[in-house]
Amino acid sequence: MADRTQPLGFAGWAGIAVTAAIPVLIGATGLAVVLSAEGGRGLSASDWAAIHFTIWQAILSALLSVGLAIPVARALARRRFWGRETLITMLGAPFLLPVIVAVFGLLAIFGRGGILNAGLVALGAEPISIFGLQGVVLAHVFLNLPLATRLLLQGWHTIPSERFRLAASLNMGPGAIFRHLEIPMLVRAVPPAALIIFVMCTTSFAVALTLGGGPRATTVELAIYQAVRFDFDLTRAAMLSVVQLVITGTLALMALKWAATPGFGKGFDRPPERWDGRDWLRVFLDVTLIAAAAAFLIAPMAAVFVRGLGGIAALPDAVWMSAAWSLVVATVSTSIVLSAALVIALASARFRSGARWIESTALLAIAASPLVVGTGLFIIVFPFVEPSRLALPVTALVNALVTLPFVLRVLIPAVRDAETAYGPLADSLGLTGFARLRVLILPRIRRPLGFSAGLAAALSMGDLGVVALFADPETATLPLQLYRLMGAYRMDEAAGASLLLLGLSFLLFWACDLGGRLGA
Amino acid sequence: MLEMDDVRLEREGFSLSANVSISGPGVTAVIGPSGGGKSSLLALIAGFVAPDAGRIVWNGADLTGLIPGERPVSMLFQDNNLFPHLDCLTNVALGAEPVAKPSLETRERALVALDKVGLKGLERRTPGALSGGQQSRVALARLLLTKRPVILMDEPFSALGPSQRREMLDLVRELLPEATLLMVTHDPEDAQDAAQTVLVADGIVSPPEDTTSLFANPPAVLESYLR
């Protein structure tokens, strides 16, 4: 009934200001980049190759992730077994997994000296290479197959159990059920899932940095990084940034319209009872599929764990130092993103007629290319300060920007629910400003706040992006340090650092999430 | 005296007009069919909805532009009357001052109010650990601290059984003898306890009438609603 627009209050205005700051930040850094580009130089052949590769690998990654997720999600949807819930929960883990750690784990399995090649060689076959297109796509599928599976599994859970009962009473077999029940659902569920993965893969930097490279496997983001870092060719970096802005901008508009929202931490209820597919062949196939998917997911992580345990005690001081810096960066960036998301969510809950605009603008950040924003900031600060001195603050800021859409997806509905249920009571009591925040909002959103804090902290902890652009050899976050160790082939230390980073990321998530649950 | 001067509210597929004055103290029942505008009337007086035309006046002071917290009006909602994460004492104390940490004096007054509604010793409990009747009493204790002259009740105590509800209404009257109370109700028996009754039907708020004569001689809309 409360359709009167509430006074926005300080927090509401702050929310609008922060929302407005997002396009300003993206725009200003973009503009700085554009202005520094000297005209008269077109895109070179290698630039075109980078554009081509960026799109191509993203298409392949999205198609493979979703294509493989369909049978896996179907198997998970129609089987019940011990550990099913745990497995589905674990499918959320790769989202928190530092990309560089995932790459290290994949190298341990699929790399030159990995388990797979050891087996191939023992059988007398040629070893395979994980570098180049196949490596980039493999890593993207590893990181996104679980997400795709969860998204599609949500689709399966939207099919009402009555339909399965009807199908059973009509004596439909698995094929008929697939045609009449599952395909119509997939037609709706697959495109948004594929689109969100495609968008995320176009801005993926760390995977290309570690597994790509060379003229045939360089993404636009990687090319920007190389132009700034190695050639110090800001004009080329600027032009590539414009290209990346066009790509991500187009995709952002598409994503806003059609993309799926990754559902985190949502409990999946028991699947509806089904009566099809009970013959031994189908059971065997489903079991094999689930086991293979689980092995693909778990093996690289297990490799990190096994190899890292030995190395962690012998880690050099520089690694511990970088871990400390990473914790500082994660703390700062989590504080920034939570404050920003909270005021945006408050503004959106109070300023109802503008809520759609506020949310859409804030979600624009999903298409912000960290490397472009980073390059812009680099160009802006370069005349005044040595960029490496700002490496950590800039990393914290950019990480906050990149995690903002995910945090908003969690906090906006939570704040809105709290305001819908208890806003009238708070209004009639005259609760405003800071008191309203402390009495009404914060206690009501404790759990989602803890969860999103964990999400932001883990993502920031594991991010390897803009820091690579700014840092000098003396400063490093833990992911960057790990990258350097891998580049120097100090694999035992890299294994230890991987395990440390993995442990810290999940510890941060777990601690924040638990903090939100306790007493909630 | 609460006056509504030519108040109009227009919404898609719905409108409400009110030109009535309600005198207190005492209980005025608000009855009428669902969707007729009872809840909108309360929302207008409380300030949750702004009228498209007209003025709402309390004892000569124009309330129309004020936000809910600034009006001399308290409201008892159908549900969500208490913050579930706060204990009873803090919930009651919020009636006196809208702050996170109530002053010592407010806490003392909250304890006294809880005692008056018969909840001595339960001040540390959260609402979830109380029965429905006890929760209603906590909300009533908060009204005692709010000390606002107009009290709106939107189907109050509807979660309670008939005898408990009657008991609560008697307690409200006993503890808030000075207040002007407006009570939306679905139950004609509850309405008959009130001295006067406002009928809200088809988007029109009728002036208050003596409850006994209204029910003895019901207009057509009321008759069809009661039957």
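The model shown is predicted, which means the values in this text are computed figures rather than measured ones. So that the names make sense, note that chain A is the first sequence line, chain B the second, and so on, each numbered from 1.
With a 6.0 Å radius and a threshold of 12 heavy atoms from other residues, nucleotides or ligands, Asp202(B) has its CG atom at or below the threshold. Within a 6.0 Å sphere centred on CZ of Phe14(B), heavy atoms belonging to other residues, nucleotides or ligands number more than 12.
Taken to the nearest 0.5 Å, the CG atom of Asp427(A) stands 5.5 Å off from the CZ atom of Phe48(B). With rounding to the nearest 0.5 angstrom, the CG atom of Leu429(A) is 12.0 Å from the CD atom of Glu97(B). Atom OG1 in Thr420(A) sits 10.0 Å away from atom CG in Asn80(B) (nearest 0.5 Å).
For Leu76(B), no part lies near chain A; criterion is any non-hydrogen pair under 4.5 Å. Both the backbone and the side chain of Phe83(B) come within contact range of chain A, with heavy atoms under 4.5 Å apart. At a 4.5 Å heavy-atom cutoff, the contact between Leu86(B) and chain A is made by side-chain atoms alone. For chain B, no part of Leu437(A) is nearby; none of its heavy atoms comes within less than 4.5 Å.
Residue with the most contacts toward chain A among Ala46(B), Pro84(B), Gly69(B), Ser74(B): Pro84(B) (heavy-atom pairs, distance under 4.5 Å). Per-residue counts of heavy-atom pairs under 4.5 Å with chain B were compared for Ala435(A), Ala426(A), Gly430(A), Ser428(A); the largest is that of Ser428(A).
Taking all atoms of both residues into account, the shortest heavy-atom contact from Val99(B) to Leu431(A) is N-CD2, 4.3 Å.
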